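Beneath this line is the structure, given in structure tokens, with notes to follow.
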Amino acid sequence: MPTKRNIYIVVFVLSVIGLLVVQYQFLRVGLGLAKAQFSEKIDVARDHINSELSELNSLTYTLGNAIQKDTSELKIGLDSLQKVSQFYLNDYVDYQLGVSGIDAPFSYRLYSRDSITYLTSSDSFAMDDEMLTYPIKLEGYLPDLLNKEIILELGFNDLNNYFMGQLNGLTIPGLIFLLLIIIVVIWVLRSFYWQSSIITTTNDFINNLTHELKTPVFSIGLATKILEEGLPENKRTVVELIRRESDRLKKHIDKVLELASLESGRNVLQFSTFDFRPELKRICEDFALLAQHDEMEFEFDLEEGNYPIQAEKFHLENVIVNLLENAKKYSDDPKVKLKSFTEKGKLKIQISDNGQGIAKQDIGKIFRKYYRVKNGDVHKVKGYGLGLYYVQKIIKMHRGKIGVESELGKGTTFTISLKLLKK
């Protein structure tokens with residue numbers, strides 16, 4: 001079976017590959033659009049060039065003399081005339097391409113259908129598979145002058161690099177952001193596994209420590225039972241205090257061990273199907289006896305009928321007891337009420353008290369591990385902040401919900417909602 005770490009790594013690698021594929025597809029689409037735009041621009045430039053070279057003007061007149069090698073009306077030599085014509089035509093084509101929005105390097109060739117080349121650009125590209133040519137069949141003055149078809153051919157080499165340069169504003173930021181995402185995800189995963197390792201080590205230490213503590217606690221409890229036999233009355237209260245505190249310490253150790261087992265991911269809950277009403281009634285009756293001893297008001301109201309649920313009996317009972325004990329602890333003159341009823345296929349259990357209440361800013365935090373509501377700068381009730389964390393974790397593992405309603409000075413109501421089985 002693959003571990004979670006391996007699954008995360010595989011998902012991460014596949015995600016990066018997917019992003020690269022998407023980036024490549026966007027690049028292909030971008031290149032296609034760039035080529036289409038280039039074709040539109042070159043068509044506009046060709047129309048403008050053909051239109052102007054069809055008329056008699058200074059450019060076409062100079063080109064006509066250079067083609068005919070006629071310097072009779074000019075005071076320059078033939079070589080100078082051809083060079084002037086070459087640069088003159090080059091500047092003109094460059095201007096028309098620039099007006100059309102094309103700044104790619106180009107070359108040109110002016111020739112006739114009988115394969116006679118009259119002029120070429122000073123920077124001519126070698127003909128290869130990557131070179132794109134755009135012929136312009138000239139009309140008007142020059143063809144009429146020579147009585148031939150004259151063609152001006154524009155050539156562009158390595159346009160892919162040119163198009164890539166046009167798309168750098170998209171591709172380079174995209175690659176940079178992708179690289180940053182990869183770095184951040186790797187950093188997060190490393191931090192996550194580093195923290196997981198620390199948590200695992202800490203939990204192992206706590207487990208070992210609590211297991212070691214259980215042995216002396218058991219010995220203390222056994223010793224107090226032996227001491228109680230034949231002990232004078234004036235010393236019995238001391239032994240009872242030792243036994244009571246050792247029992248209290250044992251409960252804390254068991255709670256820490258239970259939480260460690262739950263957080264380790266081990267399947268510690270053994271679900272079974274049963275009617276929860278008798279168990280809930282027994283819990284309430286036991287708590288009512290304690291209430292009489294502790295001079296506390298407690299009442300319960302259980303709706304008649306069955307409460308068929310699928311749950312882990314031991315931990316679910318612990319949840320109810322935890323909430324009842326909290327209701328007692330956080331009230332100066334405790335008045336606790338438990339109410340259960342069914343509603344829309346759910347079992348609802350409400351536990352209310354008349355305690356000090358919880359401030360709005362604390363309600364969202366009370367289920368956090370180790371978090372405890374403060375009374376000023378001092379915790380009024382001692383504890384570790386694990387009770388409500390344990391309660392919420394157990395309810396979530398039962399796929400239930402727990403809600404809180406509270407107002408400062410007016411008490412708190414916890415509502416547990418569990419799914420009922422269909423009868």
Side-chain angles (χ1 to χ4, degrees), residues 4 192-193 195-211 213-214 248-274 276 279-280 283 287 307 309-330 338 340 346-353 355 358 361-374 379 381-406 412-421:
K4 284 186 177 179
F192 172 75
Y193 284 110
Q195 290 179 356
S196 296
S197 176
I198 292 176
I199 291 171
T200 301
T201 304
T202 304
N203 283 341
D204 289 343
F205 170 75
I206 292 172
N207 285 340
N208 292 333
L209 178 63
T210 47
H211 277 295
L213 286 173
K214 288 188 77 172
R248 187 159 162 258
L249 180 58
K250 182 177 179 298
K251 288 180 180 178
H252 286 310
I253 292 172
D254 289 339
K255 183 174 289 186
V256 172
L257 286 173
E258 286 173 3
L259 284 173
S261 298
L262 291 172
E263 291 184 341
S264 67
R266 295 194 295 268
N267 187 17
V268 296
L269 299 188
Q270 302 295 326
F271 288 88
S272 60
T273 301
F274 60 96
F276 189 55
E279 307 299 329
L280 186 59
I283 294 171
F287 194 75
Y307 299 162
I309 61 172
Q310 188 174 44
E312 213 282 350
K313 187 182 297 185
F314 173 75
H315 285 285
L316 191 55
E317 288 179 2
N318 279 349
V319 164
I320 305 300
V321 171
N322 258 295
L323 292 176
L324 288 172
E325 288 183 349
N326 273 359
K328 178 183 73 173
K329 287 192 298 184
Y330 289 96
L338 185 146
S340 67
K346 305 282 186 182
L347 169 61
K348 301 290 184 72
I349 302 172
Q350 291 181 340
I351 298 173
S352 306
D353 63 56
I358 304 169
Q361 64 268 23
D362 289 322
I363 287 180
K365 304 174 185 177
I366 59 175
F367 293 109
R368 293 181 186 175
K369 194 175 183 182
Y370 307 124
Y371 184 83
R372 302 190 65 241
V373 177
K374 294 182 180 180
H379 289 296
V381 180
K382 301 300 180 183
Y384 303 110
L386 295 174
L388 290 178
Y389 172 77
Y390 167 78
V391 166
Q392 187 189 52
K393 195 168 187 69
I394 294 299
I395 295 300
K396 281 187 175 180
M397 294 178 78
H398 283 77
R399 297 184 178 180
K401 294 181 180 179
I402 181 168
V404 188
E405 294 180 7
S406 185
T412 304
T413 298
F414 286 89
T415 302
I416 296 172
S417 178
L418 297 170
K419 185 180 179 181
L420 289 169
L421 297 178

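Note that this is a predicted model, so its numbers are computed, not measured.
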**OP:** Check whether more than 12 heavy atoms from other residues, nucleotides or ligands sit under 6.0 Å from atom CD of Glu405, and answer yes or no.
**Re:**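 12 or below, so no.
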
Original post:
For Lys348, does the NZ atom sit with more than 12 other heavy atoms under 6.0 Å from it, leaving out its own atoms?
Top reply: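 Count over threshold, so yes.
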
**OP:** Might you work through the side chain to side chain contact (heavy atoms under 4.5 Å, CB included) test for Leu316 and Leu418, ending with a clear yes or no?
**Re:** CA-CA 11 Å; Leu316 191 55; Leu418 297 170; 3.9 Å; yes

For the atom pair [atom1] ([X]) and [atom2] ([Y]), what is the distance rounded to the nearest 0.5 Å?
X      : Y      : atom1 : atom2 : value
Leu323 : Asn318 : CG    : CG    : 11.0 Å
Tyr307 : Leu421 : OH    : CG    : 14.5 Å
His398 : Lys419 : NE2   : NZ    : 14.0 Å
Ser417 : Gln350 : OG    : CD    : 10.5 Å
Lys313 : Gln270 : NZ    : CD    : 13.5 Å

**OP:** Would you indicate whether the side-chain heavy atoms of Asn322 and Leu388 approach each other to under 4.5 Å?
**Re:**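 In short, these two side chains do not touch, never coming nearer than 4.5 Å.
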
What are the two closest non-hydrogen atoms of [X] and [Y], and how far apart are they?
X      : Y      : answer
Val321 : Ile283 : CG2-CG2, 4.0 Å
Ile349 : Leu280 : CD1-CD2, 4.2 Å
Glu279 : Phe274 : CG-CE1, 4.2 Å
Glu312 : Phe271 : N-CD2, 3.8 Å
Ala327 : Ile351 : CB-CG2, 4.4 Å
Glu325 : Phe287 : N-CE1, 4.3 Å

Original post:
Which class fits the ring pair Phe414 and Phe367: parallel under 30°, tilted 30 to 60°, perpendicular over 60°?
Top reply: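 Ring orientation, 0 to 90° scale: perpendicular.
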
Subject >> Candidate pair Thr415 and Ile402, rule side chain to side chain contact (heavy atoms under 4.5 Å, CB included), full reasoning >> reply: CA-CA 6 Å; Thr415 302; Ile402 181 168; over 6 Å; no

**OP:** Show your working on side chain to side chain contact (heavy atoms under 4.5 Å, CB included) between Ile320 and Ile416 and close with a plain yes or no.
**Re:** CA-CA 9 Å; Ile320 305 300; Ile416 296 172; 3.9 Å; yes

